[in-house]
Structure formats: structure tokens, C-alpha cells
Protein chains: 2
Amino acid sequence: MIKRRGTVTISQVAQAAGVNRSSVSRAFTKPYMLTPETVARIKAVADTLGYVPNHTARALSTGRNSNLALIVPDVANPFFPPMIRAAQDAADAQDYCVFLGNSNEDPSKEDRLVGRFIGQVEGLILASSRLPEKRILDYAEQRPIVLINRDVAGVPRVLIDSSNGMTEAVRFLAERGHKKIAYVSGPSGSWSNKSRRSAVRKAAQQAGLELYVCPAQVSSFEAGLSAVDRILDAGTTVAIAFDDVTAHGILAGLEQRGITVPDGFSVVGCDDVLGDLTHPPLTTISSRSSEAGGLAVSLMYDALRSVGLKDARYLLQTELVVRQTTK
Amino acid sequence: MIKRRGTVTISQVAQAAGVNRSSVSRAFTKPYMLTPETVARIKAVADTLGYVPNHTARALSTGRNSNLALIVPDVANPFFPPMIRAAQDAADAQDYCVFLGNSNEDPSKEDRLVGRFIGQVEGLILASSRLPEKRILDYAEQRPIVLINRDVAGVPRVLIDSSNGMTEAVRFLAERGHKKIAYVSGPSGSWSNKSRRSAVRKAAQQAGLELYVCPAQVSSFEAGLSAVDRILDAGTTVAIAFDDVTAHGILAGLEQRGITVPDGFSVVGCDDVLGDLTHPPLTTISSRSSEAGGLAVSLMYDALRSVGLKDARYLLQTELVVRQTTK
DNA sequence: GTTTGACATGCAACCGGTTGCATGGCTCAA
DNA sequence: TTGAGCCATGCAACCGGTTGCATGTCAAAC
């Protein structure tokens, strides 16, 4: 037993105030059960002694710890910080604390994190989870789970639906005369990638465009950079990237090869996380990652209060944001 | 008492395995005390029953919870994610979980967060804390605290020392013929801002440059944007910004006014978080926020094992990274 | 054939709160 | 004056583990 320096317990306060431990407990959690004077006296004693309720002990006896966990594939990917922040704020509003986990896109690491968190939170939010569906369902049995950008029936989920934004983008490009377009894929396990790719595929077919799909890879500047040769070789005139980070890499690769954007080639990103930071400012698909974060937390509250369907499925719509990388 | 669905306790395992509760406990935490066969049998029973040790109960009786808290002013500021990630990884390596708090640059919110976390972590890491020094010292009395970019004697801290990078930048600018420079300040409570500003001040004096200091503000794109008029009115030919985010705003403001960079005006950022994302790629001061995060966690471990001076003060050096916004 | 000691396991107290139920004092009405 | 009922507080069990100490067993040593 490791003694924390100067820890004051409920018993010491009780003794000093000349009451039972239960009264001290009630003074803090159920003051209406006690005379106002008793409450005041106990609180005064507690104050001078520097008493602070022990969160762990309370959690053990109540079975509630007011903690949530949020696991993301990569904190450093600009898509996630706004989401983390919004989730944080929503949790904060209900006096919940949130554990953050970074799975580094690695399913086994994600699994380890979930295992480590699950015993000390009331619920978990998994963003862009790479876990096998079965595993998610197993965990969901132990604790409420809310998913973001992962579609598993029976588990409440918030999905940023990029497909209509993607569709809009393809139509926009078709109208502007493009004949052959490229889609530069994101991580293979990603629901977002699947949904974006299939939206592009479908829209391209409808618009009569030829489509080249550049194979799966992680979302990174380098991935975009290295895709440039292939999309040029394929004879396309525009690339729609899995996300803005990848699009940014593509932009850089084009510049290295002396190709100007949008005159020599067009590029479309997704998620709108870079604003007009790129040069030229990137045409992209809006996202709403912070709304997704807040919504996920509120779904979590519903699940914790056992209200709301287990099968809630929220779709957040997106749209094309035209800036200057398309012609 | 809220019953968790299907919670298996140590007692049930004990009964099923025909041993005492303490043996079950030992099978998991001190297997060497038991016969290998007993351990195997207990674990087998635990497995079929789906027993998972209760983290909270364990924490209560051992007084250790293997949790850390990390509080940052703004998750969405690109300076922090790499730091968070590194801290996370370092914690992970020792089976620690980390709570993340976002203070939103607000001292009172930061205070609330610390209060909420302190009861359920072994130590806290405060990045760019805006808390009054006294408050920090008070908290440090209750739990080990490690600071990042905040210099309080008696509290272990890791400081990214931008002053030599700043000095280098000022000299570099002086050599290139600049006569009057501007420093665009960051948040007023920020140690980094103070240290950067005074480094610039000193170096400017030594190099015989005239200096205009643009008043304090938060770190944001908008802040940079709105500072442009003042730095132009002041007749300067180069602005050194508190950080890259602010510098990016300045760049945008200059472009709006039709001033080309670096021919019409030069800009220097700090922290090197934007890479060559800006246009033109930003000359900046290197940072090493991820190292700072990792180092902070390892200082925390030292503190938890009670080794190491209470007054550890690590300085991480920085340097000028010349890209294309200076002439 | 005891004694000694090592070792595996059991026993029970403890960590610091919470909570259902018991108790005892007081008020109010009959 | 007495009984009913309410209310403030106390009592003790409980949450689910951990751990110091006691106990019993068995083998080696004398």
C-alpha cells in the first residue's frame, strides 16, 4: 500500500467533526439528507483538514467513475484534433474525464488500448476503428461503445458521409470537361475510404468518366507524394484524394515535376482540414469532425442512461468546397 | 450500486477453482508465490468465466492506478498533437493510461481540469500551463507534476528553448540588411512568448536593429492576419512571429495587400509545425515538441519512483530553419 | 524418528468511500 | 398525555481487490 502524502480520509473528518463516516459522505453527496448546520460544520472541518473525496474509492462503491475513453488512429492527423476537442468539451460539461488513446492505425495496438481502458471507463468512443467487427461487438457487450466513421450494425455510430460530397465533386469535374479521373485511396481498413471510393466509382460511372484507383495506403503527405507518378502514368487529369493530407502530398509531387495546378492538373481533397493553407488553396469536401466528436459523446450519454436505440446511426452530410485546385 | 452486466469477481473465480480469493489475486499479480499448476488452474477457470481484474478495486487497495494526465491549452494547435502522441507512446510503454485535458487557454478551466484529474492519476503533465505559480506549487504538493514550457523553480520541467533559435534568426536578418524588425507576440501568460520576445529584444539590440513589438494575443491565424497593418505601419521589413500559426496569418494578410514574400516583406515563424505547407515555405525556428512530450513522461517516471531532483530543468535547444520567406 | 525450515495456501484486515436499514428524538394531533 | 410519524443520524455491510501473518505439509537434516 503506497501512502499518499497527507491523505485525509472520510474517517478523519468524521472523527474531527464528531459524526459518523456516513454523515461526512452524505454531506458531500446527499446534503439534503442532513441539517444545513451539520453540513456546514462537516464541510468546515473537511476544509481545514484539506479533505478531498477519493475518486477511486467512490468509483468502487458506486460502480460509476465518470470516465470515457476516446481512441483515434493518429492524433497528429489534423482531422482528429477538432474532434478530440469537441468530445472533450462535451464530456467536460457533464464532469466526465476522457482518456485519449492513439492506436497508430494498428489494430492490435488499438485492441490493447481498449483492454487497458475498458476497466476504468463507463464507455468508449472509437474513431475510425480498425478492429474486426466481431471484436467490437464483443467489447460492446462489456461497455457501451460509440463508433465514429465505422459502420457496425448494432453499435451506435456517427458517420461522416463523404459520399454525397464526393458525388458532387465528380459531377463538378465532369461538367468542367475532365474525362479520366483518379481516386487515391486511404487506409485499407478504413470505412471512410471504402465509402468514398465507392461513391467516386458510382458517380464516375454515371457521368461516363473513366476512373483509375490508386491502391490503398495510409493517410500521409508521403503517400500522396508517391502516388503522383502512378496517377500521371494513368493519363488522368485530376486526382481525388482520400483526404487533404494526401492531397497535399500530391500537390507537392506535382510541383516537383513542374506541373502547375490547376492548369496542368486538378486536385481534390477531403475533410477540409487544411483550410487555405495549401498553395493554391485546396478544393475539398467539407467534413465536420468536431460535430462528430460532440455527437458521439451525446450518443454515449444516451447509451449510459440506457435511452436511445442500440442501433443509432447518424449520418453527417458533406459538400464540395470549391477553392483553387480544380479547373 | 450500479451492477455491471456479467461482472465476474475474484470471489467467483475462487469458488469455482476451489481456492481462496487471495490465491486468485496472487495468480494474477504474484504468480511466483504459487505452484505453476495452481496458477494454471486458476487462470483456466478465470478464462472460462471471463474474469477481468477490476482496475478500480485494485487501484483502491494498492494506491496506484497507472494513470497520468496531460493538459494542453489547445489540442487543435498543431504544436501539441506530436507532443501528445509522444507522451502517449511513452506512457503506453509502461502500461500507463493518459487522460487528456484541453484548457482552451483558460486558467480557470485548467484549474478545474487539474482538480478533476488529480484524484485519479499518479501524476500530471501540464503543457504551457497558464496557472499561477502558487497554484502549481500547491498541486505539486499533492501529486508529482511535470511542466512543459513553463519555468517554475522546484517543479521538474522541460523547456523548449527558442531563444537561441530566435537569436540566430535576428542575426541572420541583420546580415541580410534588415534594419527594422517586428516581433508579433503570443499569449500573454505564456512562458514561451516571454522567452522568445526577450531573446529577440536582446539580439536586436546587439545587432543594432530597431524593434517593434506587436502586442500580446492568442496564437491563431486571425491574430496574425490582424497584426499585419500594425507591423506595416511601424515601417518594418520583417516580422518574427510567436509561432508558425501566427506567421501563417501574417503571410495571408500580406498576400491580401498584394505584398509578395520574401521580396516585399520577410516573415519568420517558430515551432516548425507547418513544414513547407505554407506558400512560400516558411522560414522558422525548429521545435521538438514530441521529444518534449516523451521527456516529460520520463521525468514523471523518475518523480514517481522518487528518483531525480525535484528541480530538474531540461532545455531543448532549437535552431533556425531557413526556407523561403526570408530575404 | 524428531526437528527444522521452506514453501504453498488460507485467513482476515484493510483501502475509502456508499447506502439500506435501524434507532432515537422531536413534533403534532387526538 | 400519549401515540404516530417524520427526520437526522448512526450502524454495519458492501464494492473487489491486496497483503501481512498464520497454518499446515512435506522434505531434508540431524
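Worth saying up front: this structure is predicted, and the values here are computed from it rather than measured. Atoms considered below: every heavy atom in the structure, side chains included; atoms not considered: hydrogens, waters and symmetry mates.
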Base, sugar-phosphate, or nothing for [X], non-hydrogen atoms under 4.0 angstrom?
{"X": "B:Thr29", "result": "sugar-phosphate"}
{"X": "A:Phe28", "result": "nothing"}
{"X": "B:Thr56", "result": "nothing"}

How would you list all residue pairs meeting salt bridge (charged side-chain N to carboxylate O under 4.0 Å, His left out) that involve [range], not counting sequence neighbours?
{"range": "residues 146-159 of chain A", "result": "A:Asp151-A:Arg157, A:Asp151-A:Arg313, A:Arg157-A:Asp311"}
{"range": "residues 22-39 of chain B", "result": "none"}
{"range": "residues 130-139 of chain A", "result": "A:Glu105-A:Arg130, A:Asp111-A:Arg135, A:Lys134-A:Asp138"}
{"range": "residues 76-97 of chain B", "result": "A:Asp74-B:Arg85, A:Lys109-B:Asp89, A:Lys109-B:Asp92, A:Arg112-B:Asp92, A:Arg116-B:Asp92, A:Arg116-B:Asp95"}

[atom1] of [X] versus [atom2] of [N]: gap in Å, rounded?
{"X": "B:Gln15", "N": "D:dG16", "atom1": "CD", "atom2": "P", "result": "14 Å"}
{"X": "B:Leu60", "N": "C:dT18", "atom1": "CG", "atom2": "P", "result": "12 Å"}
{"X": "B:Ile42", "N": "D:dG17", "atom1": "CD1", "atom2": "P", "result": "13 Å"}
{"X": "B:Asn54", "N": "C:dC15", "atom1": "CG", "atom2": "P", "result": "18 Å"}
{"X": "B:Asn65", "N": "D:dG17", "atom1": "CG", "atom2": "C1'", "result": "15 Å"}
{"X": "A:Arg64", "N": "D:dC15", "atom1": "CZ", "atom2": "C1'", "result": "15 Å"}
{"X": "A:Arg58", "N": "C:dG17", "atom1": "CZ", "atom2": "P", "result": "8 Å"}

So which protein nitrogen or oxygen atoms get under 3.5 Å of nucleotides 8-10 of chain D's nitrogens or oxygens?
from   : atom 1 : to      : atom 2 : distance (Å)
D:dA8  : O3'    : A:Thr35 : OG1    : 3.0
D:dT9  : OP1    : A:Thr35 : OG1    : 3.1
D:dT9  : OP1    : A:Thr38 : OG1    : 2.4
D:dT9  : OP2    : A:Thr35 : N      : 3.0
D:dT9  : OP2    : A:Thr35 : OG1    : 3.0
D:dT9  : OP2    : A:Thr38 : OG1    : 3.1
D:dG10 : OP2    : A:Asn20 : N      : 2.9
D:dG10 : OP2    : A:Ser23 : OG     : 2.7
D:dG10 : N7     : A:Arg26 : NH2    : 3.0
D:dG10 : O6     : A:Arg26 : NH2    : 2.9

Query raised in the report: Considering residues at least two apart in sequence or located in another chain, which fulfil the side-chain hydrogen bond (donor to acceptor under 3.5 Å, both in side chains) criterion with A:Glu110?
Result: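 Residues passing side-chain hydrogen bond (donor to acceptor under 3.5 Å, both in side chains) with A:Glu110: A:Ser129.
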Query raised in the report: What residues form a side-chain hydrogen bond (donor to acceptor under 3.5 Å, both in side chains) with B:Arg58, not counting sequence neighbours?
Result: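 Scan of B:Arg58 (side-chain hydrogen bond (donor to acceptor under 3.5 Å, both in side chains), adjacent residues dropped) gives none.
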Query raised in the report: Under 4.0 Å between a side-chain N or O of B:Lys30 and OP1 or OP2 of D:dT18?
Result: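 Checking B:Lys30 against D:dT18: no side-chain N or O falls below 4.0 Å of OP1 or OP2.
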Query raised in the report: Is any side-chain nitrogen or oxygen of B:Ser25 closer than 4.0 Å to OP1 or OP2 of D:dT18?
Result: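 For D:dT18, OP1/OP2 do have a side-chain N/O of B:Ser25 under 4.0 Å.
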**Report entry** Difference in axis direction between the ends of the helix from C:dG1-D:dC30 to C:dA30-D:dT1, five pairs, 10°
**Finding:**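 About 50°, once rounded to a multiple of 10°.
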Query raised in the report: Taking only residues two or more places apart in sequence or in another chain, which ones pass salt bridge (Lys or Arg N to Asp or Glu O under 4.0 Å) with A:Arg41?
Result: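 Listed in chain order: nothing, the list is empty.
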Report task. Locate the shortest heavy-atom distance separating A:Phe117 from A:Leu124; write the atom from each residue and the value. Result ->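 Nearest pair, atom of A:Phe117 first, then A:Leu124: CB-CD1, 4.1 Å.
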Requested in this report: Take A:Ser219 and A:Asn77 through the side-chain hydrogen bond (donor to acceptor under 3.5 Å, both in side chains) test and state the conclusion after the steps.
Outcome: CA-CA 8 Å; A:Ser219 150; A:Asn77 184 320; 3.2 Å; yes
